[in-house]
Amino acid sequence: MDETVRQHKYVLSEDQMPTTWYNIMADLPSPPPPPLHPGRMDPVGPEDLAPLFPMELILQEVSTDRYIDIPGGVLDVYRQWRPSPLFRAHRLEQALGTPARIYYKYEGVSPAGSHKPNTSVPQAYYNKKEGTKKLTTETGAGQWGTALSFACALYGLDCEVWQVGASYDAKPYRRLMIEAFGAKVHRSPSDLTQVGRQLAEDPRNWSGSLGIAISEAVEVAAMDPNTRYALGSVLNHVLLHQTIIGQEALLQLEMAGDTPTLIVGCTGGGSNFAGLSFPFIREKINGRMSPRILAAEPASCPSLTRGVYAYDFGDTAGMTPLMKMHTLGHNFIPDPIHAGGLRYHGMAPMISHLYELGMMDAEAVPQTECFAAAIQFARTEGIVPAPEPTHAIALAIREALKAKETGEETVILTALCGHGHFDLAAYDQYLRGEMVDEEFTDARLAEALSSIPELAV
Ligand SMILES: *Cc1c(COP(=O)(O)O)cnc(C)c1O
């Protein structure tokens, strides 16, 4: 047994917690293409978004200020679990026999068990301030629904959640946690909305998708002036709120006296990845370090590595603005992999833009490799990861094993954006040897891409 004393955990004090969010827009060589109105096909203005979002968030969406103050009321709530810990994965490194140093920033310490409250809290806060009575939303794995219902409970807002059918059936405990926080949960597609009823006519839609659930939540919010809609990923203001993760990690790596050569995070809509990496990209732009920035996506829903960069809808019914993004097509229904939070057809426009600029890379990972990595991680580091970040862990392990071959100095920073305590059925399936990787064929890809409006004209 190795008895050397090693530091595993880097902890910041409360007064070291950042008090601003970092807006990467201020540091990019060019802005991303604007979202377009689905009817007029010209850029959307604040008034187009006002029925869905409070003005403060609309302004953040288009802001070019480099730093945006976090309101005191939000900082107060953040302090319940922030600053979150950064760990050095000594025991995983040892098991891999790698010279690479691996760090992970752990967001599973939040009340919802993921990074999502970093944005659900400010979103509920601004809505409350501007008189909203109720928020509607979608949820995939149930993480975002949990985070938003928690935030709504804090601010006395009603909350209604459309949960993707496959996940509603497979993850009853997530639904129960959302209900414990006081929100109403519906299986999507539901018969409560016009889009839900219409889409449910096609049996292929019965398992649901994030795109369908978004359409339902948007429809309900658009019809009631006291109700607004909250999105858990993709939009600029969501990515912005998550940058507290990377700003803390920068300080923590400084404590560790280390500089990353690789930053890897999983990407569903891109918010935890952006939250960790954007402050480091700022450092890279300023010439202070040069880590490779790598997105890990599921092989079953590979929007960056196999999608096209085109204007597409954010939802299945085509109610949202058209966004220029890497997309598999807005009516694509991914295989029901366990990482429900990564089953989104598109990617954040800001991340898509960075990818087009060559400022980051992406790789797709099959589910079984992710769970093999997750088991190794759990048995060395003691944390059972959510299925989503196992994609990042799998790539971190691939790179750590490469470092063993090449001997190149490798310092990996990854986002462990949530725990998997509600995902144990997925672990059960893996451990019984029953998990399979479905191939995502070119024929299926071509069919999925055919729904993209920009490609049809
Ligand atoms: C929602 C979620 C994701 C996917 O969303 P991103 O916006 O890409 O971060 C990943 N991991 C966890 C734990 C989530 O809850």
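All values reported here derive from a predicted model rather than from experimental measurement. Just follow the structure's listing: the first ligand is 1, and inside any ligand the first atom is 1.
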Open item on the list: Listing request: all salt bridge (charged side-chain N to carboxylate O under 4.0 Å, His left out) pairs with a residue in residues 337-359, at least two apart in sequence or in separate chains.
Closed with: none
Task: Polar atom proximity, G268 to ligand 1 (N or O, under 3.5 Å) - done: yes
Open item on the list: For ligand 1, which is the ligand I care about here, please tell me if G269 has any N or O atom under 3.5 Å from one of the ligand's N or O atoms.
Closed with: yes
Open item on the list: Do P32 and M25 make a side-chain contact, defined as non-hydrogen atoms from C-beta onward lying under 4.5 Å apart?
Closed with: yes
Task: Verdict with supporting geometry, W144 and T137, side-chain hydrogen bond (donor to acceptor under 3.5 Å, both in side chains) - done: CA-CA 8 Å; W144 172 239; T137 199; 2.6 Å; yes
- [ ] Return a yes/no value for N272: is any of its N or O atoms, backbone included, closer than 3.5 angstrom to an N or O of ligand 1?
- [x] yes
- [ ] Just need the protein heavy atom nearest to atom 10 (C) of ligand 1, so name the residue and atom and give the distance.
- [x] E388 CB, 3.4 Å
Task: T410 (side chain) donor-acceptor with A100 (main chain) under 3.5 angstrom - done: no
Task: Nearest protein heavy atom with distance in Å, relative to atom 14 (C) of ligand 1 - done: K116 NZ, 2.9 Å
- [ ] In sequence, state the C-alpha distance, the side-chain angles, and the governing distance for Y355 and D361, and then conclude on side-chain hydrogen bond (donor to acceptor under 3.5 Å, both in side chains).
- [x] CA-CA 7 Å; Y355 192 60; D361 302 326; over 6 Å; no
Open item on the list: For L413, run the side-chain contact (heavy atoms from CB on, under 4.5 Å) check against I263, T259, L250 and tell me which one passes.
Closed with: I263
Open item on the list: Can you name the atoms of ligand 1, numbered from 1 with element, that are less than 4.0 Å from a heavy atom of C417?
Closed with: 10 (C), 11 (N), 12 (C), 13 (C)
Task: Interfacing atoms of ligand 1 (cut-off 4.0 Å, heavy-atom, T267) - done: 8 (O)
TODO: Compute the shortest N/O to N/O distance between P389 and ligand 1 and return yes if it is under 3.5 Å, no if not.
DONE: no
TODO: Assess H115 for proximity to ligand 1: is some non-hydrogen atom of it under 4.0 Å away?
DONE: yes
Open item on the list: To check your reading of the model: name the closest protein heavy atom to atom 7 (O) of ligand 1, its residue, and the distance in Å.
Closed with: S233 OG, 2.5 Å
Task: E107 vs N118, side-chain hydrogen bond (donor to acceptor under 3.5 Å, both in side chains): CA-CA, chis, key distance, verdict - done: CA-CA 9 Å; E107 292 293 312; N118 296 331; 3.2 Å; yes
TODO: Would you kindly specify which portion of E107 sits under 4.0 Å from ligand 1, judged on non-hydrogen atoms: side chain, backbone, both or neither?
DONE: neither
Task: Ring center gap for F87 and H8 short of 6.0 angstrom - done: no
- [ ] Show which atoms of ligand 1 fall inside a sub-4.0 Å distance from at least one heavy-atom site of G270.
- [x] 6 (P), 7 (O), 8 (O)
Open item on the list: For F181 and F150, I'd like to know if the aromatic rings sit close, meaning centre-to-centre distance below 6.0 Å.
Closed with: yes
- [ ] Among all protein heavy atoms, pick out the one at the shortest distance from atom 4 (C) of ligand 1; state its residue, atom name and that distance to 0.1 Å.
- [x] G341 O, 3.2 Å
